[in-house]
Amino acid sequence: MTACLIPENSRGRVVGFIDLGSNSLRLLVARITPGGAVRVLNEAKHMVRLGEGAMVAHELQPEAMGRTMDTLCAFAAMCKSYGVEDYSAVATAAVRDAANGEAFLAEVREKTGIDMMVISGREEARLIWRGVSQYLEKSADLRMYLDIGGGSTEMIAASSDHAEILESLKIGCVRLSNLFPTGKKAVSQAQYEAMKMYVRNEGVHAFRRLAELNLTELVASSGTAQNLAEIACALTGQASSAFLTYNGLCQAVEELRSRPREKRLAVPGLNPRRLDVIIPGAAILQTVLEEMSFKTIRISSRGLRDGMVREYVERNCHRFSQAGTGIREQSVLRLARSCRFEEKHSRHVSDLALSLFDSAKKLGLHALDDTYREYLHFAALLHDAGIFISFAKHNEHSHYLISNTELLGFAKKEVRIIAALTLLHRAKSVDKYLPKLQDLGSLDAVRTASLFLALAEAMDKGHSSVVNKAVFVQQGKKVVLSASCLGPAPLEKARTARLDERMQQVLGRRVPVVFLEPANRTQA
């Protein structure tokens, strides 16, 4: 989740990409060059079944957490052996739906050093589409993309370049197996139809929205779809499992459903590790085919992790860095504009805040990385969003709006950090807001970054851009905040003076503020 460009004169950066799903845990270790080339060094996958029992209890279960932690520790050791310098690690349905999900990730961070981010269902869908679509032929027509996970199923309608619909349903092969245990006996036709009816009811609104579009083909990217295609291929003698027909799926389902558990293992092509979830997974896939009237599915081995790699390259490699507005900024601007923000003021506050951030870092006043610089920029764009509700306490309204908006391109924790920065932009002291910030786990960083936003906003109190530049400078043995003005700035001076104590607390020293208006600049 870093936002730091890979130096152009380097050999590249070794990155570990981790996808923690409800059923499987995947790792890819790759070297990424400044130009965006990706060289895979190693990859691993393990079925940890983190979602086992969690979908009913709404909590991750001790045995499943133990299996997952053991595998993550092994993955961390593998990454260390390759000299991994950065991670992009996400957790999906099992963690985001569990009451103890964040506590589990805190333990993961403590034991492995890997900071995993929880992503929303729609963000998961978006990354799946980005990962799969890049390996298909370019098309302006809409395809339907399907990924059946352990805890959720993602359905996307998109061309190669634009996603029209992003859906994430709380249906997955592990979740469905918890609700409809297959047990040791053969699965009756009635039980199988009950699974399909459950899927149909849960997805009714999504199916209706998708049915209104002209979808040219269905592309399925999950391990469930791949294994069902392999089973159908083995049963029918088909040469390739790159496609799965509806008739082939029905034949595979009949072979799987009609056998008791121990004999199900003998079904040709079945992955033994999917023994207990393959029938629920087939019920999801068959229901989608029937509801969307597809007779054939194209099978892809790509998925979420490939989308993570693609976005990491685009955010960190020079050839993409100036390519245009990325999804993160698009999401932020969409929210800001829906709240009718004052764009000129917000962008000027961002410029001032980033100048303060950079100059303070150059003088050693803080050690925040460029990820927080990016959060600061987004928070500056959104800091006045709450005025849409009411000017009074608009920082609290901004915090609420951002916290409760699904910003595509961001993990949930990142959204909370941006919301926290906006909350603190009007505060003389952060103490009164501490109860709202306890779940961040990085309070010192938020305190520091929010100071620069508070100062920048104070220096444009009149929304006139009268302070056109603000930097921290070294003058002898002391540090001074120097603000260059285009004219008199009484409002800005008064507002900035209110932050003296907060600035001293955060920076650990008293920093005088000097406003350089045209007259005293001439004298100087």
Side-chain angles (χ1 to χ4, degrees), residues 21 23-24 45 47 128 131-132 135-136 143-150 153-156 169 171-177 180 182 185-200 203 207 210 215-303:
N23 196 39
S24 300
K45 174 184 174 182
M47 284 190 180
I128 288 166
V132 176
Y135 293 97
L136 304 177
R143 295 183 173 105
M144 179 175 171
Y145 296 85
L146 174 70
D147 190 280
I148 302 169
T153 291
E154 280 63 51
M155 299 191 297
I156 306 101
L169 306 179
I171 309 166
C173 58
V174 174
R175 193 186 297 268
L176 205 57
S177 70
F180 298 89
T182 52
K185 297 180 180 180
V187 176
S188 69
Q189 184 67 39
Q191 184 180 6
Y192 185 71
E193 290 299 328
M195 292 183 195
K196 289 171 60 183
M197 182 57 69
Y198 182 86
V199 174
R200 192 170 288 113
F207 290 138
L210 289 162
L215 301 171
T216 57
E217 68 172 329
L218 173 62
V219 183
S221 57
S222 61
T224 292
Q226 291 176 56
N227 196 209
L228 286 166
E230 289 161 356
I231 294 169
C233 197
L235 291 172
T236 62
Q238 184 178 314
S240 170
S241 58
F243 290 89
L244 173 62
T245 66
Y246 177 75
N247 290 337
L249 174 61
C250 291
Q251 188 172 342
V253 167
E254 186 59 27
E255 284 291 331
L256 292 164
R257 185 190 63 71
S258 62
R259 301 184 186 213
R261 187 177 187 276
E262 69 274 8
K263 292 187 178 180
R264 208 175 295 147
L265 284 167
V267 173
L270 173 64
N271 181 342
R273 292 175 294 177
R274 294 191 176 274
L275 176 62
D276 295 317
V277 297
I278 194 67
I279 294 176
I284 298 171
L285 184 58
Q286 187 171 347
T287 304
V288 172
L289 279 171
E290 291 171 355
E291 288 297 309
M292 301 307 302
S293 301
F294 282 108
K295 295 298 182 184
T296 305
I297 316 163
R298 189 199 295 213
I299 305 297
S300 172
S301 62
R302 305 295 179 172

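FYI, the numbering just counts along the sequence from 1.
Closest non-hydrogen pair, Pro280 versus Cys173, comes out as CB-O, 3.7 Å. Counting all heavy atoms, side chain and backbone alike, Gly172 lies closest to Ile284 at C-CD1, 3.6 Å. Pairing each heavy atom of Gly281 with each of Ile148, the nearest pair is O-CD1, 3.8 Å. The two atoms that bring Asn227 and Gly269 nearest to each other are ND2-O, 2.9 Å, heavy atoms only. Considering every non-hydrogen atom in both Pro268 and Ala234, the closest pair reads CB-CB, 3.6 Å. Nearest heavy-atom pair, Ser258 versus Ala186, reported as atom, atom and distance to 0.1 Å: O-CB, 3.6 Å.
Looking only at side-chain heavy atoms (C-beta outward), Leu136 and Arg143 come within less than 4.5 Å of each other. Inter-residue side-chain proximity for Lys196 and Leu176 is flagged as unmet; no heavy-atom pair is nearer than 4.5 Å. Contact annotation: the side chain of Gln191 approaches that of Phe180 to within less than 4.5 Å [non-hydrogen atoms, C-beta and beyond]. When side chains are defined from C-beta on, Thr287 does not count as touching Tyr198, because their heavy atoms never get closer than 4.5 Å. A 4.5 Å side-chain heavy-atom check between Ser301 and Gln226 finds at least one atom pair inside the cut-off. Taking the side chain as every heavy atom from C-beta outward, Ile297 and Val288 never approach each other to under 4.5 Å. Looking only at side-chain heavy atoms (C-beta outward), Ser221 and Leu146 stay at 4.5 Å or farther from each other. Residues Met144 and Leu210 have side chains in contact (heavy-atom distance under 4.5 Å, counting atoms from C-beta outward).
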*Test side-chain contact (heavy atoms from CB on, under 4.5 Å) applied to Thr153 and Met155, step by step*: CA-CA 7 Å; Thr153 291; Met155 299 191 297; 4.3 Å; yes
*Taking it one step at a time, do Thr224 and Val277 satisfy side-chain contact (heavy atoms from CB on, under 4.5 Å)?*
CA-CA 8 Å; Thr224 292; Val277 297; 5.7 Å; no
_Verdict with supporting geometry, Phe207 and Met292, side-chain contact (heavy atoms from CB on, under 4.5 Å)_ = CA-CA 7 Å; Phe207 290 138; Met292 301 307 302; 4.0 Å; yes
*For the pair Arg264 and Glu255, evaluate salt bridge (Lys or Arg N to Asp or Glu O under 4.0 Å) and give the outcome as yes or no after the intermediate values.*
CA-CA 8 Å; Arg264 208 175 295 147; Glu255 284 291 331; over 6 Å; no
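Between atom CG of residue Leu228 and atom CD of residue Gln251 there is a gap of 12.5 Å, rounded to the nearest 0.5 Å. Atom CD1 of Ile279 sits about 10.5 Å away from atom CZ of Arg261, to the nearest 0.5 Å. A distance of 4.5 Å separates CG of Leu275 from CG of Leu265, quoted to the nearest 0.5 Å. For the atom pair Asn247 CG and Thr236 OG1, the distance stands at 10.5 Å (nearest 0.5 Å). Of the inter-residue distances, the one linking Leu249 atom CG with Leu235 atom CG reads 11.0 Å to the nearest 0.5 angstrom.
The backbone N or O of Met47 lies less than 3.5 Å from no partner atom in the side chain of Ser24, so there is not a single donor-acceptor pair. Put simply, the side chain of Arg257 gets close to the backbone of Val187: a donor and an acceptor are under 3.5 Å apart. Distance alone, capped at 3.5 Å, places no donor-acceptor pair between the Asp147 side chain and the Glu154 backbone.
The side chain to side chain contact (heavy atoms under 4.5 Å, CB included) test with Tyr192 singles out one residue from Val253, Thr182, Leu256, and that residue is Val253.
Both the sub-6.0 Å distance and the 45° axial angle are not jointly satisfied by Arg298 relative to the ring of Phe243.
Under the 3.5 Å distance criterion, with hydrogens and angles disregarded, a donor-acceptor pair is assigned to the side chains of Gln286 and Glu290.
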